[in-house]
Every structure is written in structure tokens, then in C-alpha cells.
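Below is one structure; the comments refer to it alone.
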Amino acid sequence: MRATPAPDFDSPAGADDGPRPAAPRAGRRAAIGWRLVPLALSVLLVLLSAGRLDRPFGPTYEGFNTAVWATGAQTVRTHGWVESRLGARAVRGDEVRPYAHHPALTQVVAAAAGTVLGDHRWAYRLAALAFSVAAVWTCWGWLGACRFRDGPRALGVLAAVGTPLVRGYGVMLNMEIVWLPLLFGLLWAWQAAERAPSRRSATVCGAVALAGGLAAHQGILLAGTLGMLGVARAVTARRRPQPHELSTLAGAVVGGLAFLGWVAWVNGGLGVLWRQAGVRVGARSWADWVLVQAEHLVVLFGVVGTAALLGAAVLVRRRPELWAAAGATFAVTAAYATVFRDGAWHPYWNAGLVVLVALGAALVADVARRSPLPLVPLLALLGAVPFLAGLPGTQRSDDHVAAVVAAGRDQPVVYGTVLLGDWAIYESGRPVETLADCDALRRVARTEPEVLVVASEASLGQVIGRPAPSLDHVARATYGELALVPADELAGTAC
């Protein structure tokens with residue numbers, strides 16, 4: 001007697017063909033459940049982020065970056081779109097300081113949010129959150145275009161959204177978050193066009209490639225790499241390139257030219273871009289770089305996400321149709337972090353690898369669903385674990401904000417031995433200056449002896465190049481590890 005195979009309930013199409021009426025209904029219920037996962041994750045992401053939307057900007061990566069674009073948005077409101085160059089020629093304190101090292105879309109999004117919703121912290125973070133939620137759906141669409149069944153597809157999205165990248169930086173208005181849905185969107189359009197080339201799919205590929213190029217440097221590089229891979233395949237196979245291969249490459253070229261034109265329009269030339277690129281290339285040791293990148297993998301993707309990355313590396317060889325997307329994404333991310341290794345000290349620099357987290361989780365689940373054991377539900381529980389972990393505390397950030405606001409209350413400029421930035425300008429409403437050495441500290445002590453300087457023993461030690469003395473006896477007020485100290489007394493104590 002022939003044994004009846006067990007039905008596959010990941011989707012209705014996978015249900016057993018035998019005369020068992022319950023199977024199709026069970027399969028449909030399972031499919032509906034899996035297809036609700038992106039909606040549930042979108043709602044969960046919004047709920048988890050709601051309490052962070054209006055927190056003060058502070059000296060965290062999220063606070064630093066979002067405040068940069070918020071400052072540009074403020075300038076659009078006061079000086080107009082054209083004069084401010086869409087917000088890139090921002091008024092920081094009492095002077096105009098251009099900032100256009102990156103493609104323009106993030107600044108445009110910030111300016112639009114500030115114009116429509118008003119100059120509120122929550123407005124800028126809400127814009128970032130909207131892109132994070134959009135990434136949930138474009139990730140779902142891409143995995144569907146990769147022909148994954150609903151169960152593995154849902155677990156891939158779960159693994160990606162559960163990473164600290166999305167949960168932690170999901171409200172950070174910066175290139176990585178704005179690019180994220182466009183990254184998945186390009187791979188979705190590419191995969192669909194690979195399966196069914198057409199003029200329409202080519203148009204979508206070109207449009208999304210261009211949008212990604214307007215969002216991030218890596219967006220230009222990824223679209224260019226995919227396009228060139230397609231053309232190289234055509235040359236090797238002695239055929240004409242497919243329309244989507246050419247349109248993707250064209251989107252990268254137009255996006256790259258738009259980026260260079262934007263930099264020249266804001267700065268009057270490209271010199272500032274080449275100088276900044278030289279800074280990002282850096283001179284830190286390769287040994288330190290390797291250790292930092294290994295640490296960043298876990299910081300950015302968590303243990304579950306890192307395991308999914310390894311799963312992608314092992315299992316993607318079984319799916320040749322995914323090699324172009326996976327290989328191009330890895331190559332661009334790795335090359336970008338290697339060439340600009342000073343910038344790669346930012347923990348979110350390798351955000352593009354979240355594609356391989358989603359892919360690896362889906363591949364592992366695809367293998368697990370063939371097991372007689374209930375491994376897919378177990379993987380779903382494992383994928384949910386990161387949502388139970390809390391995000392890093394913010395008390396240090398709160399202390400910095402309180403100290404900066406107090407220092408700016410009765411003086412025209414906020415000085416600090418701690419690293420200040422646009423977050424401090426936004427929160428205090430004052431120009432700021434970071435005092436990086438004893439010469440700068442003595443200058444302020446000589447011209448404004450009574451002005452209060454935001455200092456800590458750790459930051460002061462970096463300024464003077466040796467362990468700093470205690471500030472307890474000269475502090476006018478303390479905020480956690482920070483102290484407000486008159487400039488002349490600080491210079492006399494430390495320098």
C-alpha cells in the first residue's frame with residue numbers, strides 16, 4: 001500500500017493532492033497566517049518605536065544623524081528650498097555650513113517632513129519610521145519574487161525586522177534607513193524581471209535603481225553592479241542584454257550623475273567630496289578594522305541575524321537564480337566598508353547585509369520545512385526572540401542634553417570638551433563649539449572666562465592627552481558624568 005505524503009501547509013499550492021478535504025482548508029489558514037506576518041511586524045515596529053519619536057536628540061548615532069537633517073529642514077523653512085539648496089546649505093548656529101557629502105534624498109525627505117508636519121523631532125523620526133515599515137513590505141515582495149513559500153518568506157522578513165538595524169535604527173533619519181526599502185525594492189524588481197523580462201519590468205528596474213542612487217552611495221554602486229553583471233552575462237552568452245539589465249545600469253549612471261551635480265550645486269564644486277572621501281579612506285590599522293567589523297556584525301544584526309547570514313553563505317549555492325542579487329549585495333557592502341574603512345567604524349555602515357539576513361533565514365526555513373519535525377514554528381519562535389530584548393539605555397544621552405540645554409540658557413555659545421554637533425544646536429538653540437585641545441580652551445578662558453563649558457573627565461583627558469584631574473571642586477553643576485565648569489577654572493585645572 002502506497003503511503004500518502006504529508007501535506008505541505010506553507011501555502012495552498014503546496015497542499016497534498018490526495019482526497020483529504022481538510023488539507024486545502026488547513027493550507028489556506030496557514031497561508032493566511034503567514035501572510036499576516038508583514039502586517040503584524042509593521043504594527044509591532046510602529047508600537048515599539050512610538051515612545052522614541054519625540055525624545056531629545058543626543059550624542060548617539062541616531063541623535064547625531066537625525067539632527068543633521070533636521071537642521072537642514074529648519075533652514076528650508078526659514079530660507080526657502082532653492083536658497084538653502086534643499087536644506088544642504090544649513091544655518092548652523094550663526095553661520096551657513098554646507099553639508100552635501102551624500103545623495104540628496106535624505107535631506108529632501110527631512111525638509112518635506114519639516115515643511116508638512118512642522119519642525120518637531122517626531123516629524124523627522126516618523127519619516128524614517130515610514131521607510132522602515134516600507135522595507136518590511138519590499139522585503140516580503142522580494143522574497144516572494146525569489147519563489148519562497150509563505151512560511152520561509154515570512155521568517156525571512158521576521159529575521160530582517162528583528163535585527164538591531166531595523167529595531168534600533170529604524171527611527172534614525174539617515175541614508176541607510178531611507179535606502180532600505182529601495183534596496184529590497186530593486187532586488188524585487190530585478191528578480192521579477194529575470195523571471196519575466198518585459199518593457200514594464202525594465203522601467204520599474206530603472207526607476208527603482210535611480211531612486212536608490214538618490215538615497216545612498218551604495219544604491220548607486222548596487223544598481224551599477226547588477227547592471228554590469230547583466231551586461232557581462234549577455235556578452236558571455238553572446239546575446240543582447242535584456243532591457244532590465246540596461247535600465248538598471250542606466251538608473252545607476254543617472255543617479256550617480258545626479259549625486260555629483262547635487263554636490264557641485266551645494267558646494268560650488270566637487271573638491272569637498274574628494275576631501276571627505278580621503279577622510280573616510282582613513283589610516284586605521286587593518287587588524288583593528290577586522291575586529292571592529294566582526295563586532296559590528298553582531299551589533300547590527302544580533303545573534304539570530306548573524307546566524308542567518310551564515311545560513312545564506314552556505315545555502316545560497318543551491319539557488320543559482322539568486323546568485324546575482326546575493327553576490328552583488330555582498331560585494332558592494334564589503335567593498336564599501338573596505339575602501340572607506342574609517343567610515344566603517346559606524347556600526348550601521350554594513351546595513352546592506354540585511355538582505356542576506358532575510359535570504360539566509362528564508363533558505364534555512366525552506367530546508368527546515370522538509371523535515372518531519374515542526375522546525376518552521378520553532379524557527380519562528382527563535383526569530384521572535386530579538387523583539388524581547390531591550391534596546392540600549394539612553395540615560396547618558398539624557399545627561400548630555402540636560403547639560404547642553406543648561407549651558408545654553410544664559411550664554412550665546414555652548415562650549416564643550418565633549419563632542420558636540422547638530423544635536424546640541426537643535427536642543428539648545430545656540431551655536432556650539434567643541435574645544436579639542438588646550439589652545440582652544442585657553443582662548444575661550446581668555447576671552448570669556450566665566451562662560452560655562454560642558455566637560456567630563458574622560459573627554460578632558462582626551463583634550464590634554466593624559467588622565468584628567470577631578471572636576472568636583474570646580475563644577476557649577478553636574479549631570480551624571482558631565483560637569484559645567486567656568487572656562488578659566490577649567491583651563492587652570494587641566495592645562
Side-chain angles (χ1 to χ4, degrees), residues 33-53 62 125-146 148-174 176-188 296-312 326 329 333 347-348 350-366 376-392:
W34 288 125
R35 290 170 187 175
L36 287 175
V37 166
L39 177 61
L41 289 174
S42 299
V43 173
L44 182 60
L45 191 57
V46 170
L47 293 177
L48 291 174
S49 304
R52 303 167 57 203
L53 293 180
E62 186 277 323
R125 289 183 173 127
L126 185 63
L129 181 58
F131 280 90
S132 298
V133 171
V136 174
W137 293 96
T138 53
C139 179
W140 172 260
W142 171 58
L143 292 175
C146 293
F148 285 107
R149 293 177 181 270
D150 291 327
R153 189 181 178 190
L155 293 182
V157 178
L158 177 64
V161 177
T163 60
L165 167 67
V166 179
R167 289 181 54 248
Y169 293 112
V171 296
M172 178 181 74
L173 188 56
N174 209 42
E176 294 77 16
I177 298 303
V178 172
W179 179 49
L180 206 55
L182 300 170
L183 163 61
F184 284 117
L186 176 60
L187 298 181
W188 180 2
H296 283 355
L297 283 180
V298 179
V299 169
L300 192 63
F301 302 120
V303 175
V304 173
T306 304
L309 273 174
L310 297 176
T329 303
T333 306
Y348 49 81
N350 298 327
L353 292 180
V354 73
V355 163
L356 301 184
V357 172
L359 180 60
L363 288 168
V364 170
D366 196 46
V376 172
L378 291 176
L379 287 173
L381 290 174
L382 182 62
V385 167
F387 289 97
L388 303 178
L391 294 174

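- Note that CG of L41 is 9.5 Å distant from SG of C139, once rounded to the nearest 0.5 Å.
- Taking 4.0 Å as the cut-off between side-chain N and carboxylate O, E62 and R125 count as a salt-bridged pair.
- The two residues S49 and V171 have their closest heavy-atom pair at CB-CG1, 3.6 Å.
- When all heavy atoms of V364 and G311 are compared, the pair lying nearest together is CG2-CA, 4.2 Å.
- Listed for the T163 side chain is no donor-acceptor partner under 3.5 Å among the backbone atoms of F301.
- For the residue pair T138 and P181, the shortest heavy atom distance occurs at OG1-O, 3.2 Å.
- When every heavy atom of L353 is checked against every heavy atom of L309, the shortest pair comes out as O-CD2, 3.7 Å.
- Contact detail for F184 and A135: the closest heavy-atom pair is CD1-O, 3.9 Å.
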Check against side-chain contact (heavy atoms from CB on, under 4.5 Å), W137 and V157
CA-CA 9 Å; W137 293 96; V157 178; over 6 Å; no
For side-chain contact (heavy atoms from CB on, under 4.5 Å), just list the numbers for N174 and Y348, CA-CA rounded to whole Å, side-chain angles, deciding distance to a tenth of an Å, and then say yes or no.
CA-CA 10 Å; N174 209 42; Y348 49 81; 3.9 Å; yes
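- Side-chain contact between F131 and L173 is absent, with no heavy atoms from C-beta onward closer than 4.5 Å.
- In this structure, A308 and V357 approach most closely via the heavy-atom pair CB-O, 3.4 Å.
- A distance of 6.5 Å separates CG of L359 from SG of C146, quoted to the nearest 0.5 Å.
- Here the side chain of R153 pairs no donor or acceptor atom with the backbone of A362 at under 3.5 angstrom.
- Note that CH2 of W142 is 7.0 Å distant from CZ of F148, once rounded to the nearest 0.5 Å.
- Rounded to the nearest 0.5 Å, atoms CG (L187) and CG (L143) are 10.0 Å apart.
- The line from CG of L165 to CD1 of I177 is 5.0 Å long, rounded to the nearest 0.5 Å.
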Would S132 and L180 satisfy side-chain contact (heavy atoms from CB on, under 4.5 Å), going step by step from the backbone distance to the final call?
CA-CA 7 Å; S132 298; L180 206 55; 5.6 Å; no
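- Taking NE2 of H296 as the start and OG1 of T306 as the end, the distance is 12.5 Å to the nearest 0.5 Å.
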